[in-house]
Amino acid sequence: MSIFINKQTRVLVQGITGKQGSFHTAQMLEYGTNIVAGVSPGKGGQSVEGLPVYDTVFAAMEKEPVDASILFIPAPFAKDAAYEALSAGVKIIVLIPEHIPLHDAMDIMAYARKQDAVVVGPNTFGLVSSGSSKIGIMPNRYFVPGPVGIVSRSGTLCYEIVGHLTEHDIGTTTVVGLGGDRVVGLNFIDVLSRFEEDPETKAVILVGEIGGSSEEEAAAYISTSMKKPVIAYLAGRSAPPGKRMGHAGAIIERGRGTFESKVKALNAAGVEVAGLPTEVPALIKKILS
Amino acid sequence: MSIFINKQTRVLVQGITGKQGSFHTAQMLEYGTNIVAGVSPGKGGQSVEGLPVYDTVFAAMEKEPVDASILFIPAPFAKDAAYEALSAGVKIIVLIPEHIPLHDAMDIMAYARKQDAVVVGPNTFGLVSSGSSKIGIMPNRYFVPGPVGIVSRSGTLCYEIVGHLTEHDIGTTTVVGLGGDRVVGLNFIDVLSRFEEDPETKAVILVGEIGGSSEEEAAAYISTSMKKPVIAYLAGRSAPPGKRMGHAGAIIERGRGTFESKVKALNAAGVEVAGLPTEVPALIKKILS
Amino acid sequence: MKLYEYLGKKLFHRYDIPVPQSKMAESSEEAAEAAAELGDVVIKSQVLSGKRGKAGGIAFASNPGEARTEAERILNMRLNDLTVEKLLVEEKLQIEQELYLALTVDGALRCPVVLASLDGGMDVEEVAEDRMIKWPIDVSIGLQDYMTREICRKMGVSGALQKEFIKLLPKLYKMFRELDAELAEINPLALTPDGLVAADAKVTIDDDALYRHPQLPRVKEKTDLELKAEELDIAYVELEGDIAVMANGAGITMATLDMVQHYGGAAANFLDFGGGADVERTAQALELLLGTNPKVLLINIFGGITRCDIVAEGFVKVRESKGIDLPVSFRMVGTKEAEGRAILEKVGIKTFNSMDDAVRHAVELTGAS
Amino acid sequence: MKLYEYLGKKLFHRYDIPVPQSKMAESSEEAAEAAAELGDVVIKSQVLSGKRGKAGGIAFASNPGEARTEAERILNMRLNDLTVEKLLVEEKLQIEQELYLALTVDGALRCPVVLASLDGGMDVEEVAEDRMIKWPIDVSIGLQDYMTREICRKMGVSGALQKEFIKLLPKLYKMFRELDAELAEINPLALTPDGLVAADAKVTIDDDALYRHPQLPRVKEKTDLELKAEELDIAYVELEGDIAVMANGAGITMATLDMVQHYGGAAANFLDFGGGADVERTAQALELLLGTNPKVLLINIFGGITRCDIVAEGFVKVRESKGIDLPVSFRMVGTKEAEGRAILEKVGIKTFNSMDDAVRHAVELTGAS
């Protein structure tokens, strides 16, 4: 089992003929993702990795209806491409690109809400239901099936943690990257609530960071609405206030979003926070046993 | 029984302190409509017909949550007032004003769809569930309970027909005025489908007119999806092409929307079309007996 | 409000939509001067009627002399009852293909739609249905490039021409929305060696939104009575018959006309003076009616918001001040019916209860007079 | 990109938001001239730091002489490590009340929010929560008058002041949306006898959207290395320690810094060179690091899109061309891990499997050096 996507999820790749698009299409196919087509305006009729390429999402949908689309589209054109997929009826949109303008992101989210669709990202590694479907750019080999759900604001740090789990033979149900931008489609709560309902997920890891208040909101949700055990790791303990640490949200401004307030909120909700990534497997093992 | 509204429907009047607003508030109260409050920016704290007046819809909703709102607002400000009601969570909006700009109407409809609300009008007499709730400006005395549902594009013509029914002691379940503008919130099908499901409605009268294609679309719907009997009256048989007969839609342009095409479509769907308003009661009696 | 071609093209130009080089001319001399400047030209009569070409209202000229001759011929000619007073003298385009592009409002979908076709030059209704692409626009996101790509795909357009559409269509949409247009049509949209150019312009602005566009010109091509009615915000259409009709509501007015025809009469007009009229408005509507010199007056009032007593009062006022002695057939029911009847009976006018009877009486009266 | 107050006010003016009369001055003489023209003035240092008033960067003057003296004092003073080079000399407003108004982006709600308060002049975080009205805007309909009325009601504002807000707020929203602002803050928003006036301006433009605003000025108040990093689109922040850190990904870079601290070290910087770097980019990131003269290099690579062999190659390239002999602690796992290790081993650099080990080693190296 898994959340959001599974083996049956039919996937479209927008921007499939580009360097990133074609590379990750191959990687996703290798992982077992059920990709059915690609889109690249002006490249209709070509094929990539044996998949048909269409000029528009509508053209693709006429022949190969899809459930999800992953976008490898340069930031300035990402809004148009996301609108296209949403308008054509795609219900899960994975926005890989970084540097999408903030107002474009807000526009996309407003339209997605209208179209009743889920947006993952932007600036995300995507999501993967381990062993069945990967719609993203994460390295295949670390994502093996198991009982742990993971939701993360950052990418490589999430791989790091998944890597430690793999070393300890702990697999994952679904791993979701929320994305590092200030406005993203999913928040922790959206994903935690799905994990809560997923029978296969036995424990959840929340990978957060300083800045914003989404970890605090997640903590409030966990304490009132979750029965499953959750542990956390948070990056940015050592970050000085006022300095943006790469991610648009990762900044302690006006005393808000500090490491301490997040740890406090999570602890109050019964969530243990690992001091180092290496400590995560032990915490999970303790919970699962 | 009735469709859209009933005795319990809690109603707000926007623009209640104006001449039209206060007059029709009194009329609606007399009819038995469950009006709970009014709104007039800058007039908060006053009272009209014993009802509290608030400055904004949100202020009203905090004290008196409502299901429906009727707008007596000058056309240039109608969009803002409709947005306000929709944004505050009102689910039925009755837009009385005429001359609302076409693009404003399109904006309102797009937002209403997003908010999952029903818009009646603009340029409508409103709707009435006979004997229980009137949200509109039609004369009270003709609307007595009975087995006939009516949906009409025009106002006074609808009263004329209801008047003939009343003379013959035939009452109505709900009477809905779609509105005479080119862009209105409800079409015939939206209302017909509700009548089809309403156990009290035994027969339906469709009052249409030349122009547009909504009667033809209604005919297609009736023939495939309605079991209840429907009869029709159509205005504009004598209208010359190219001349707009008052209503924005009532024009035969480029050979479309003619009287003949509508009659043909309705007849093909088993709908008898009365030649004169006076013939309507006899047709209904035949059906009901 | 329909705009003349040259006004529509001015708006196109303001929104950066390519239009041909042109000059306006109100005399053959000005036309010749324009031709001297522009070279090969097309001379187009500026009237709101369509089918100007078939009616001889459009001509080509390859030198100032020809331009003068053609302009002389076209100026002051009658096109569908309208007199040609202005000419648009334009450079003759090198047209490789004639396309069709328009934005309009789809009442059924309640939103703007793009209409696009490779079969330009024809009336929109003459284009085969599968050759006319319709694309609805969600106003909450507006016109996006993906829509244009999709429209192009459906037309079978790609490459450079698609790029031209991607440049053009957002401008047309912006104009359509910002100016409250009901219609913004380019037909033909000419494909030239320099790209797409609007060879014609049909722009209609929503009358109900004119108040927020004070900068737009006001175009009037209506009869005096129609203009007067517009001023009074009364829905009025002139017809050919001799029974002047007024009623309160568009639907019931139409139904009244239908019934006049049904009983063998002919209406002189459509006049809906709306709901809730006061004495003044009733009087104005009546004065409008008298302007057509009808044989008979037919008044059909079903009082809802409209009060019968007020209509009666307005009628008596006009009758006395203007000394009308036309035969009248008056139907009056609804709000304040008794009071209205009393007022009319005082001046010797009896009223009908039923619309049927009133219409039949009016038709009889035309035979009698 | 944060804008100086005077640039923000220029934008306000362009969007018809009232601002005080003003002149820019870069010398005390220009300040005196401005005061001669404007009368009673306030002289404001133009730096991006807040709290200018408390730091002495703002002064009042009621004649040119005073203006000259104050300008002399303020020009070239240091405010939070920034040198004052420009002064904004403004007419002194007759302020009846100081309000707060801003538009910003709410990440949790994923939409713009209006922030409004009667308690202007204070930092937004210092205003009591129930005195700061927050109103989210659905971008599909934008800012509507009813929202302003509602915001005013919640503030307890009505009458003339409400009308002022209804005039002002749509302009601020238009600017916020059209210019891709992250923040458009007016604090204080001054209520004067002439209505509302923006007494200050804090405008931040989204860096990711700057490409579509070529007309906007480019403001740079960063260290040379930070500017260089921005050019290279590398996320780089200078810190105080002596271990230069680079990693691929913002989260893992933060986690690396945390771990450095955990083991008793101090990082010299935050440097995330992102995913999928090529040799060139790796080399550029490294060169940036060397600019801080660190004692030790700590490189933490978890290869996903990023290929270890390419990072290794970039490292070797810079090491050889620049002759680096700094101690290095290198962690490298993931895509093309073996190939990367082989390249590094050839130049005598061993790599760690675990981030823990690499960080500990780096901290040890600082002690050793």
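Labels below follow one simple rule: chain letters A, B, ... track the order of the sequence lines, proteins then strands, and each chain is numbered from 1.
Contacts of B:Ile108 with chain C are absent, with no heavy-atom separation under 4.5 Å from either backbone or side chain. For B:Val207, no part lies near chain C; criterion is any non-hydrogen pair under 4.5 Å. Heavy atoms closer than 4.5 Å to chain B are found nowhere in C:Phe273, neither backbone nor side chain. In this structure, chain C has a heavy atom under 4.5 Å from the backbone of B:Leu186, while its side chain stays farther away. Proximity to chain C (any heavy atom under 4.5 Å) is shown, for B:His164, by neither the backbone nor the side chain. For B:Asp190, the part lying under 4.5 angstrom from a heavy atom of chain C is the side chain only. Both the backbone and the side chain of C:Arg177 come within less than 4.5 Å of a heavy atom in chain B. At a 4.5 Å heavy-atom cutoff, the contact between B:Met109 and chain C is made by side-chain atoms alone. For B:Tyr233, the part lying under 4.5 angstrom from a heavy atom of chain C is the side chain only. Within the 4.5 angstrom heavy-atom criterion, atoms from both the backbone and the side chain of B:Thr156 approach chain C. For chain C, the nearby part of B:Glu209 is the side chain; its heavy atoms alone come within less than 4.5 Å. The contact between C:Asp180 and chain B is made by backbone and side chain atoms together, counting heavy-atom distances below 4.5 Å. Proximity to chain C (any heavy atom under 4.5 Å) is shown, for B:Phe259, by neither the backbone nor the side chain.
No more than 12 heavy-atom neighbours from other residues, nucleotides or ligands sit within 6.0 angstrom of CD on C:Glu129. Other residues, nucleotides and ligands place no more than 12 heavy atoms under 6.0 Å from the CZ atom of B:Phe77.
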Side-chain donor-acceptor pairs of residues 301-311 of chain C under 3.5 Å, sequence neighbours excluded:
from	atom 1	to	atom 2	distance (Å)
C:Thr306	OG1	C:Asn248	ND2	3.2
C:Thr306	OG1	C:Gly276	N	3.1
C:Arg307	NE	C:Asp309	OD1	3.4
C:Arg307	NH2	C:Asp309	OD2	3.0

Kindly indicate, with the supporting measurements, whether the criterion side-chain contact (heavy atoms from CB on, under 4.5 Å) is fulfilled by B:Met106 and C:Arg110. CA-CA 6 Å; B:Met106 293 194 289; C:Arg110 308 175 185 97; 5.7 Å; no
Applying side-chain contact (heavy atoms from CB on, under 4.5 Å) to C:Asp208 and B:Leu102, what does each step give before you reach the verdict? CA-CA 7 Å; C:Asp208 288 336; B:Leu102 188 59; over 6 Å; no
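Once rounded to the nearest 0.5 Å, the distance linking CE of C:Met254 with CD1 of B:Ile210 reads 5.5 Å. Between C:Asp258 atom CG and B:Leu234 atom CG the span is 9.5 Å, to the nearest 0.5 Å.
The candidate with the highest count of non-hydrogen atom pairs below 4.5 Å against chain B, out of C:Asp356, C:Asp272, C:Leu109, C:Thr253, is C:Asp356. Looking only at heavy-atom pairs under 4.5 Å with chain C, the residue among B:Asn187, B:Leu276, B:Asp104, B:Ile100 that has the most is B:Leu276. For the set C:Val139, C:Asp206, C:Val105, the entry with the most heavy-atom pairs within less than 4.5 Å of chain B is C:Val105. Of the listed residues B:Ser154, B:Ala250, B:Ser213, B:Gly246, the one with more heavy-atom pairs under 4.5 angstrom with chain C than any other is B:Gly246. By number of non-hydrogen pairs under 4.5 angstrom with chain C, the leading residue of B:His24, B:Arg256, B:Gln27, B:Glu98 is B:Arg256. In terms of heavy-atom pairs under 4.5 Å with chain C, the best-connected choice from B:Ala75, B:Gly275, B:Pro76 is B:Pro76.
Residue-level contacts of residues 233-242 of chain C with chain B, in order of numbering, are C:Asp233, C:Ala235, C:Val237, C:Glu238, C:Leu239; threshold 4.5 Å between heavy atoms.
Although no hydrogens or angles enter the test, the distance criterion places a donor-acceptor pair under 3.5 Å between the side chain of B:His103 and the main chain of C:Ala181. For the pair B:Arg141 (side chain) and C:Gly334 (backbone), a donor-acceptor distance under 3.5 Å is present.
When all heavy atoms are compared, the tightest approach of C:Ala255 to B:Ala235 is N-CB, 4.1 Å. Contact record, C:Met355 with B:Pro277: CE-CG, 4.3 Å, taken as the closest heavy-atom pair.
Under a 4.0 Å N-O distance rule, the pair B:Arg182/C:Asp106 does not qualify as a salt bridge.
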